[in-house]
There are 2 protein chains.
Amino acid sequence: MTHDSPLAALHGQGERPTLRTLAHVTGFSVATVSRALADDPRIAVKTRATVAAAAERLGYIPDRAARRLRTGRTQVISLLLNTEHEFLGFTHEFLTGITETLVGTGYSVTVVPDQPGDDRLAPVRTILRNNLADGLLFTRTEAFDPRVRLLMEADFPFVSHGRTEFSAPHPWVDFDNEAFARAAVAHLAAKGRRRICMVLPGDQFTFTQHLRYGFVSAARAAGIYHEIVPGVTLDSPTAAIAAALTAARHGPNPPDGYVCVGEVTALVALAALADTGAVHGIDADIVAKRASPIFDNIRPRIDTVFEDLRATGRAMAEMLLGRMAGAPPETLNRLFQPDPVA
Amino acid sequence: MTHDSPLAALHGQGERPTLRTLAHVTGFSVATVSRALADDPRIAVKTRATVAAAAERLGYIPDRAARRLRTGRTQVISLLLNTEHEFLGFTHEFLTGITETLVGTGYSVTVVPDQPGDDRLAPVRTILRNNLADGLLFTRTEAFDPRVRLLMEADFPFVSHGRTEFSAPHPWVDFDNEAFARAAVAHLAAKGRRRICMVLPGDQFTFTQHLRYGFVSAARAAGIYHEIVPGVTLDSPTAAIAAALTAARHGPNPPDGYVCVGEVTALVALAALADTGAVHGIDADIVAKRASPIFDNIRPRIDTVFEDLRATGRAMAEMLLGRMAGAPPETLNRLFQPDPVA
DNA sequence: CTGCAGAATTAAAACGTTATAAATCCTTCA
DNA sequence: TGAAGGATTTATAACGTTTTAATTCTGCAG
């Protein structure tokens, strides 16, 4: 003869244990068990121990749906995934950093596609309105990013990859792109390069301004000719960037130094050199920011600065946990400094 | 004077509408509203229309937590993310394909890290035991993959990227790696190459056997010398692969053809050529499988076969939806064919 | 009219949790 | 001995949904 779930559970059979199971097993009420597991000081220490032991023994794990329904907290963190553009390996490293930090915290990570054609705010609105997450992470932050504005209005926890120019503080993690650009320019200047150029990301991104400022001011300080490659951005089709860089090499005064913000651009620049018969290290040098070990296996070797996106993901996830736990936003930011060019 | 939530909702204020709100608004009961939204034929057609209109007007969206608690279905699909190894851009493309297919289906995608050091089954067990998802996607499938075995035993919906050698059918999506290897070998042979080599993935993966078989049998058919590079796999540190390939070039009879399964290996092979003074196209040729447009900007240009991982992600997500909707597993598989080498 | 089948709707319970308010138990002190 | 009062514990409601088992309504045959 078989019994209903309470007894079946008592007998340790397949049924997933619930608070009710623990209550049966320990002889306490469901309410006490719930409080005991939450380490509520109103529950006797001995009771807490008993309950904890039973929970451990039966492998009790709270039901996410029930908890979420009751508390309104989702235990979910969402990541906006830009579907179009991609540094090589960016997503993988970044996501790995995030998920590995969140493992064991009870939070799960959901990925929401962020299609460039669509309204950039739509996924954020959906998350807010339908209460789909407790916190949000995203990249490609703009100087006056509408997502940041909306999230701050709603007082919804988030961490942006990249800073904004809003006056109110909010949590962010960023890489010191100005310092990178300065170091790259200084490195090229030290090699005797006198005509350097750079392809920038779109003007809307905050880090574009940082890059530009670092590039321009370091080049001025070094007294060398410098140019932002016109007509293309990092997000242009690589064929367009390739065309622009190749055209420049056919001009009267081709550049002898390239600052590349991403790996793809660096490869394009290398290809432009090769395709026009120029030799890297002789006719020109390239300094690139890299997020993967790919350049270890690219010939000729170029000098690079590593941006650790796994660490970035980890920092963002940790910061979001802090924010959700109530840490004040002005204390939550972190600027990663570049290593020396190598 | 303010009212409680029902009336507030009636007045269209901020509160998120629930079934109760719709019931108030339409004058029907909660039960009827629920059924009407589910298009239950027992509800009068006119009623269904009324309710649908009200839901539309108020922007009603069912609460995931409540539905999940009641039905036991999570509306979540999980992806096991391998944290260590990465084809360039693999994760990004794959994940984009998955999330973009699932948008609008009501399913959300959670990413679960799959640390190579840990028990490979642990994340799967957690998902099963805690009912964290309705379906599962994963890659790097092994011939007798324990995850597949466990999931089949539990009758839990999943789609593997790659086949297994279990007799019972299960849903999978794969790329015809045997055909790729054959085509690559034929391509090299047609170029007059007589000593070809290949770095394989680990022996445990099913696709390794496909690659080996295609490689070996095509080379035999062409009557050329062929070798699996010993001592390293695709998952070895790139420095180790580089060392092996470089060493081979210093041997008495260096290879004149390389079949590369991933982009990184192809770059390593190119670097090994460059580092030993060999010239691609003269001393040796490389054929590689690629998953990104990176080789458009690598010089020298090598011949490649494109594996569309975004399409793979889409196919897997669609197939999982089918499986969860009850389609029989034996109908759910798809083998992507390689384009000609180019 | 009455009765009854079928159509349409609904009350109520349940999923597993947390939180409010109330109840019980103990200890201590007059 | 009897309250007072703190320490513990508990009954119960609620979160929003689906579903079982009624209930009400409608039209039609007898």
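All figures in this text were calculated on a predicted structure; none of them were measured in a lab. Below, chains carry the letters A, B, ... as their sequence lines are ordered, and counting in each starts from 1. Below, each value reflects all heavy atoms present in this structure, side chains not excepted, and no hydrogens, waters or symmetry copies.
Residues Ala65(A) and Thr32(B) each lie close to DNA chain C; by heavy-atom proximity, the contact nearer the 5' end of the strand is made by Thr32(B). Mapped onto DNA chain C by nearest heavy atom, Val45(B) and Thr71(B) fall at different nucleotides, with Val45(B) at the one closer to the 5' end.
In summary, Asp40(B) and Arg42(B) engage in a salt bridge, as defined by a charged side-chain N under 4.0 Å from a carboxylate O. Classification of Arg125(A) and Asp119(A) as a salt-bridged pair holds, one side-chain N sitting under 4.0 Å from a carboxylate O. Ion pairing between a basic and an acidic side chain is recognised when a charged N comes within 4.0 Å of a carboxylate O; Asp145(B) and Arg147(B) show such pairing.
Scored by the ring pair (Phe, Tyr, Trp, His ring centres under 6.0 Å) test, Phe90(B) finds Phe87(B), Phe94(B) as partners (sequence neighbours excluded).
Heavy atoms from other residues, nucleotides or ligands lying under 6.0 Å from CZ of Arg334(B) number 12 at most.
For the pair Asp63(B) CG and dA14(D) C1', the computed distance is 13 Å after rounding to whole Å. In this structure, CG of Asn131(A) is placed 12 Å from P of dT17(D), rounded to the nearest angstrom. Summarising the geometry, the separation between CZ on Arg20(A) and C1' on dT10(D) is reported as 16 Å, rounded to the nearest angstrom. Atom C1' of nucleotide dT18(C) and atom CG of Leu69(A) are separated by 10 Å, given to the nearest angstrom. Rounded to whole Å, atom P of dG16(D) lies 13 Å from atom NE2 of His24(B). Rounded to whole Å, atom P of dT18(D) lies 13 Å from atom CG of Asp39(B). dA19(C) atom C1' lies 15 Å from atom CG of Leu37(A), rounded to whole Å. One interatomic measurement links the two molecules: CG of Asp40(B) to C1' of dT17(D), which rounds to 15 Å at whole-angstrom precision.
Within 3.5 Å, a donor on the side chain of Arg35(B) pairs with an acceptor on the base of dT10(C), or the reverse. Looking at Arg70(B), its side chain has no donor and acceptor atom pair within 3.5 Å of the base of dT17(C).
Residue Ser34(B) places none of its side-chain N or O atoms closer than 4.0 Å to OP1 or OP2 of dT17(D). The side chain of Thr47(A) contributes an N or O atom lying less than 4.0 Å from OP1 or OP2 of dT9(D). The phosphate of dT10(D) has OP1 or OP2 within less than 4.0 Å of a side-chain N or O from Ser29(A).
Of the candidates dT10(D), dG16(C), dT17(D), the closest approach to any side-chain atom of Ala31(A) belongs to dT10(D).
Across all strands shown, Ala44(A) has heavy atoms under 4.0 Å from sugar-phosphate atoms exclusively, and none from any base. Looking at heavy-atom distances under 4.0 Å, Arg67(A) makes contact with sugar-phosphate atoms alone, never a base.
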